[in-house]
There are 2 protein chains.
Amino acid sequence: MAGLTAPLLGLEKKSLREQALSALRTAITSGELEPGRHLVETELSEMLQISRGTLREALRQLEQEGLLSAGPRGRLSVRHLDEKEIRDIYSVRAALESLAARTLCELPDRQQVTDSLHKAVDAMDAAASGTLEERIESDLEFHRTLCRLTGNETLLHSWESLEGSIRMSIMFAGLEKGVRNMSVDRHKDIVAAIDTGDAALARKTILEHMDTAAANLVA
Amino acid sequence: MAGLTAPLLGLEKKSLREQALSALRTAITSGELEPGRHLVETELSEMLQISRGTLREALRQLEQEGLLSAGPRGRLSVRHLDEKEIRDIYSVRAALESLAARTLCELPDRQQVTDSLHKAVDAMDAAASGTLEERIESDLEFHRTLCRLTGNETLLHSWESLEGSIRMSIMFAGLEKGVRNMSVDRHKDIVAAIDTGDAALARKTILEHMDTAAANLVA
DNA sequence: CATAAGTCGACTGTCTACAGTCGGGAGTAG
DNA sequence: CTACTCCCGACTGTAGACAGTCGACTTATG
């Protein structure tokens, strides 16, 4: 007699605000809303079939995620990234993920960690023959997992706040360039480094990975 | 004939949303709104004399800054930090600021940078005899400056997103503990390390500073 | 023809009102 | 006295409307 009407397994219904947030994030990071484009609240609220008030809450969040930039009088537009900004974003990303790698190495029980990471790599492997979007998703999921496994909620939250900017970086560079960074082998190296428990090595591996990744994007 | 009615020098009138944001941030990080306290939108909007819609936009932002935590059915309450979370916050902070230090060392022209940092330290010195709040403000200003001078907007933005959590950490630990980290000398060390241009040394100095800072807070 | 004043339209800022939902207390049956 | 039910009050989710402001276009004037 369970679950007759409502979905039970974590599939909680999302508020309109969250739906709008997802929809807009996708629209922006997919390029459907091209960079520089002015966003008009009345237009968007009509498109998404929600009220302006609800929409504005979502917009504030996107603004703080760095997907939107504010012009005079509160005019919002889709943020435009140049090469320097992409490098900057990846510098911060590298700092966060290298902290994650170091932290994981210092964990008492790394068995479950490496298991989860192996699974994430396997998922990338499985997606390797899929669409570009799928490959990117599985890659980001790997790195998100890296942060999540540390158990440091603040770290995870900071990374997720950056995720939108990361997606924009990839989109800006072009998906074909972004996909250069999805190599399964390189990610296996990361897992292996963490597996050894050598924090310095793990940190170095991540930093190099991010350096290469940034270079691939702006090249 | 200038500035008769309106302030001109960058003192642009802030929107009600921004005013509410500042007021709430201050109220929370000062402990006026004690941790764990449930926030009721209608109450707050009446206190602040603004409409709920406007207030909600500010709340969303505070939520993302980590000052508020969401309960069931959108109930918001002032976030509560335990010792582990404080350590976690400072880990992330350390990662960001060590990136800042490294970045500054690699800058071609560091003259202006060290000048600005010296000024910030001087400000701390001047505040040393002031109230606890003033000392904390000048300390945070120093570290914010550190991030700003890198020219990496993303880094600055990430740090500022964390600032609220940092303030809460200090408040949680108690201002008297927080003030232990305001030593002018220790900050001079940081500036000196950056001055040498030795990225590894600068990074190490910051990491140690943050380690000590976190230890002082949870001790 | 150029410049200045005036007017119109487009958007954001803000407020008020309504609807839906959950928790808790009063009241009642066993 | 306990447990169950039903109703009410408290809040959040969401919508819709009004007001103020700035830019662009038009029109009048030197």
Side-chain angles (χ1 to χ4, degrees), chain A residues 1-8 10-25 27-28 33-34 36-64 67-79, chain B residues 1-8 10-25 27-28 33-34 36-64 67-79:
Chain A
M1 61 182 286
L4 280 181
T5 56
L8 285 184
L11 301 174
E12 345 178 357
K13 63 182 172 189
K14 294 201 287 186
S15 66
L16 288 184
R17 174 177 58 86
E18 287 172 283
Q19 290 177 243
L21 201 51
S22 300
L24 288 172
R25 243 196 298 251
I28 293 173
L33 288 173
E34 66 274 25
R37 163 137 174 195
H38 278 308
L39 297 184
V40 179
E41 293 179 358
T42 47
E43 264 180 39
L44 286 181
S45 69
E46 197 161 344
M47 279 186 197
L48 297 170
Q49 294 284 313
I50 62 176
S51 76
R52 271 185 61 219
T54 304
L55 171 71
R56 281 170 65 92
E57 292 184 41
L59 291 179
R60 286 284 154 293
Q61 198 156 340
L62 290 172
E63 192 181 352
Q64 201 157 5
L67 293 177
L68 303 179
S69 62
R73 274 190 317 291
R75 299 299 184 85
L76 294 176
S77 51
V78 179
R79 185 177 171 200
Chain B
M1 59 180 284
L4 280 181
T5 57
L8 286 183
L11 303 173
E12 345 178 0
K13 62 182 171 188
K14 294 202 285 188
S15 66
L16 289 184
R17 188 189 89 243
E18 286 172 283
Q19 289 177 243
L21 200 52
S22 300
L24 289 173
R25 242 198 298 253
I28 292 173
L33 288 174
E34 67 273 24
R37 163 139 175 191
H38 278 310
L39 297 183
V40 179
E41 294 180 357
T42 47
E43 262 181 40
L44 287 181
S45 69
E46 197 161 343
M47 281 186 197
L48 298 170
Q49 294 283 313
I50 60 175
S51 75
R52 271 185 60 220
T54 305
L55 172 71
R56 281 169 66 92
E57 291 183 41
L59 290 178
R60 289 276 105 68
Q61 198 156 340
L62 289 172
E63 192 182 351
Q64 199 157 6
L67 294 178
L68 303 179
S69 62
R73 275 188 318 289
R75 299 298 185 87
L76 294 176
S77 52
V78 179
R79 186 176 169 200

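Only heavy atoms go into these numbers, but all of them, side chains included; no hydrogens, no water, no symmetry mates. Proteins get letters first, then strands, A, B, ... in listed order; numbering begins at 1 in each.
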*Quick one: label B/Leu39 by what it contacts on the DNA or RNA (base, sugar-phosphate, nothing), any heavy atom closer than 4.0 Å.*
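B/Leu39: backbone/sugar contact only, no base atoms under 4.0 Å.
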Rounded to the nearest Å, what distance is computed from the [atom1] atom of residue [X] to the [atom2] atom of nucleotide [N]?
X	N	atom1	atom2	value
B/Leu76	D/dT12	CG	P	8 Å
A/Glu43	C/dG9	CD	C1'	15 Å
B/His38	D/dA10	NE2	P	16 Å
B/Leu55	C/dT16	CG	C1'	15 Å

Within this structure, what is the [atom1]-[atom2] distance for the pair [X] and [Y], rounded to the nearest 0.5 Å?
X	Y	atom1	atom2	value
B/Arg52	B/Leu59	CZ	CG	10.0 Å
A/Leu67	A/Leu76	CG	CG	11.5 Å
A/Glu57	B/Glu63	CD	CD	9.5 Å

So which protein nitrogen or oxygen atoms get under 3.5 Å of nucleotides 13-17 of chain D's nitrogens or oxygens?
| from | atom 1 | to | atom 2 | distance (Å) |
| --- | --- | --- | --- | --- |
| D/dG13 | OP2 | B/Arg56 | NH1 | 2.7 |
| D/dG13 | OP2 | B/Arg56 | NH2 | 3.0 |
| D/dG13 | N7 | B/Arg52 | NH2 | 3.0 |
| D/dG13 | O6 | B/Arg52 | NH1 | 3.0 |
| D/dT14 | OP1 | A/Leu16 | N | 3.1 |
| D/dA15 | OP2 | A/Ser51 | N | 2.6 |
| D/dA15 | OP2 | A/Ser51 | OG | 3.2 |

*So which of B/Arg56, B/Arg60, B/Arg75 actually passes salt bridge (Lys or Arg N to Asp or Glu O under 4.0 Å) with B/Glu41?*
B/Arg56
_Pairing residues for A/Ser22 by the side chain to side chain contact (heavy atoms under 4.5 Å, CB included) criterion, not counting sequence neighbours_ = A/Lys14
*Should we count CD of B/Glu46 as having more than 12 external heavy atoms under 6.0 Å?*
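No, because the 6.0 Å sphere around CD of B/Glu46 holds 12 heavy atoms or fewer from other groups.
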